Amino acid sequence: MTSMPTMTHHTTAQTEDAAIQLEHDFVEIIRQRIGLNETLATIHAQEIVRGLRERHGGQELWIPAPDKSERNAAILRDFNGVNAKDVMQRHGISRAHLYRIVGGGRPRGKGVNQGAPSIGVSSPAAP
């Protein structure tokens with residue numbers, strides 16, 4: 001996290017609302033990622049928010065987006081050409097995003113993207 005000076009002024013109510021929202025976000029992250037129960041997650045989240053307010057209070061924080069390379073590699077491993085819906089649900093991505101990741105682009109008709117995996121399309125067996 002990088003803190004950046006800002007000139008934005010907020011009311012006390014806005015500041016407290018933001019702190020409460022941040023605390024709720026941390027509780028959810030701690031519960032999902034670490035598996036702590038709500039009570040312990042809340043204690044940890046409150047302390048993290050207090051620490052952030054003491055160290056960076058009044059500043060905007062820039063939080064870099066996660067590196068998607070591991071997720072994309074998992075998507076490529078999971079995808080078998082016919083399980084698009086399952087892969088999209090498992091990884092929380094749209095069909096268009098799946099096409100971008102597997103390198104097939106959007107389907108534009110027969111013969112396009114030959115050699116690229118077909119996504120969610122099954123063709124009838126040849127006679």
Side-chain angles (χ1 to χ4, degrees):
M1 267 187 294
T2 303
S3 58
M4 299 162 63
T6 180
M7 297 301 212
T8 306
H9 298 284
H10 299 285
T11 67
T12 303
Q14 288 172 320
T15 299
E16 291 309 310
D17 285 349
I20 290 168
Q21 181 60 54
L22 191 57
E23 184 179 306
H24 286 287
D25 289 344
F26 283 135
V27 167
E28 185 178 326
I29 291 166
I30 291 167
R31 290 187 73 202
Q32 289 175 351
R33 300 266 182 165
I34 301 173
L36 291 182
N37 65 45
E38 179 128 11
T39 302
L40 289 175
T42 299
I43 292 167
H44 287 279
Q46 288 171 340
E47 290 305 315
I48 291 168
V49 170
R50 279 189 200 108
L52 285 172
R53 291 179 84 177
E54 289 168 4
R55 291 180 183 213
H56 302 286
Q59 299 176 354
E60 287 187 19
L61 296 178
W62 174 71
I63 302 171
D67 179 8
K68 302 259 180 15
S69 60
E70 286 182 28
R71 183 211 56 189
N72 291 353
I75 290 168
L76 289 169
R77 276 193 310 275
D78 292 349
F79 183 63
N80 65 16
V82 294
N83 62 342
K85 187 173 183 177
D86 177 52
V87 172
M88 291 171 357
Q89 288 176 341
R90 185 176 320 139
H91 295 281
I93 60 173
S94 68
R95 182 174 294 275
H97 202 110
L98 179 60
Y99 279 107
R100 283 192 296 273
I101 293 168
V102 300
R106 293 199 120 218
R108 291 185 177 92
K110 201 167 189 145
V112 175
N113 296 325
Q114 289 180 348
S118 61
I119 298 182
V121 179
S122 55
S123 54

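Quick caveat, the model's predicted, so the values are computed rather than measured. When a residue number appears, it is its place in the shown sequence, counting from 1.
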- Note on the structure: Residues at least two apart in sequence or cross-chain that pass side chain to side chain donor-acceptor pair (under 3.5 Å) with Asn72, listed by chain then number, are none
- Query: Do Thr15 and Arg53 have side-chain heavy atoms sitting under 4.5 Å apart?
  - Reply: yes
- Should Leu76 and Leu98 be regarded as members of a common hydrophobic cluster, given that ILVMFWY residues are connected when their side-chain heavy atoms come within less than 4.5 Å of each other, either directly or indirectly? yes
- Task: Could you pull out all residues at least two apart from Asp17 that satisfy salt bridge (charged side-chain N to carboxylate O under 4.0 Å, His left out)?
- Result: none
- Message: Could you work out, with side-chain contact (heavy atoms from CB on, under 4.5 Å) as the rule, every residue matching Thr11, not counting sequence neighbours?
- Response: Ala13, Gln14
- Message: Please report the interatomic distance CD1(Ile30) to CD(Glu23), rounded to the nearest 0.5 Å.
- Response: 9.5 Å
- Query: Of all residues at least two apart in sequence or in a different chain, which pass the side-chain contact (heavy atoms from CB on, under 4.5 Å) check with Glu28?
  - Reply: Gln32
- Message: Which heavy atom of Val102 sits nearest to which heavy atom of Phe79, and what is that distance?
- Response: CG1-CD2, 3.8 Å
Pair up each side-chain donor or acceptor in residues 33-49 with any protein partner under 3.5 Å, not counting sequence neighbours, and list the distances.
| unit_1 | atom_1 | unit_2 | atom_2 | d |
| --- | --- | --- | --- | --- |
| Asn37 | OD1 | Thr39 | N | 3.0 |
| Asn37 | OD1 | Leu40 | N | 2.8 |
| Glu38 | OE1 | Arg31 | NH1 | 3.0 |
| Thr42 | OG1 | Glu38 | O | 2.7 |
| Glu47 | OE2 | Arg50 | NH1 | 2.3 |

- What's the shortest heavy-atom distance between Asp78 and Asn83, and which atoms? O-ND2, 2.9 Å
- Interatomic spacing from CD1 in Ile93 to CZ in Arg71 - rounded to 0.5 Å: 6.0 Å
- Task: Just jot down the side chain to side chain donor-acceptor pair (under 3.5 Å) partners of Arg55, sequence neighbours excluded, or say none.
- Result: none
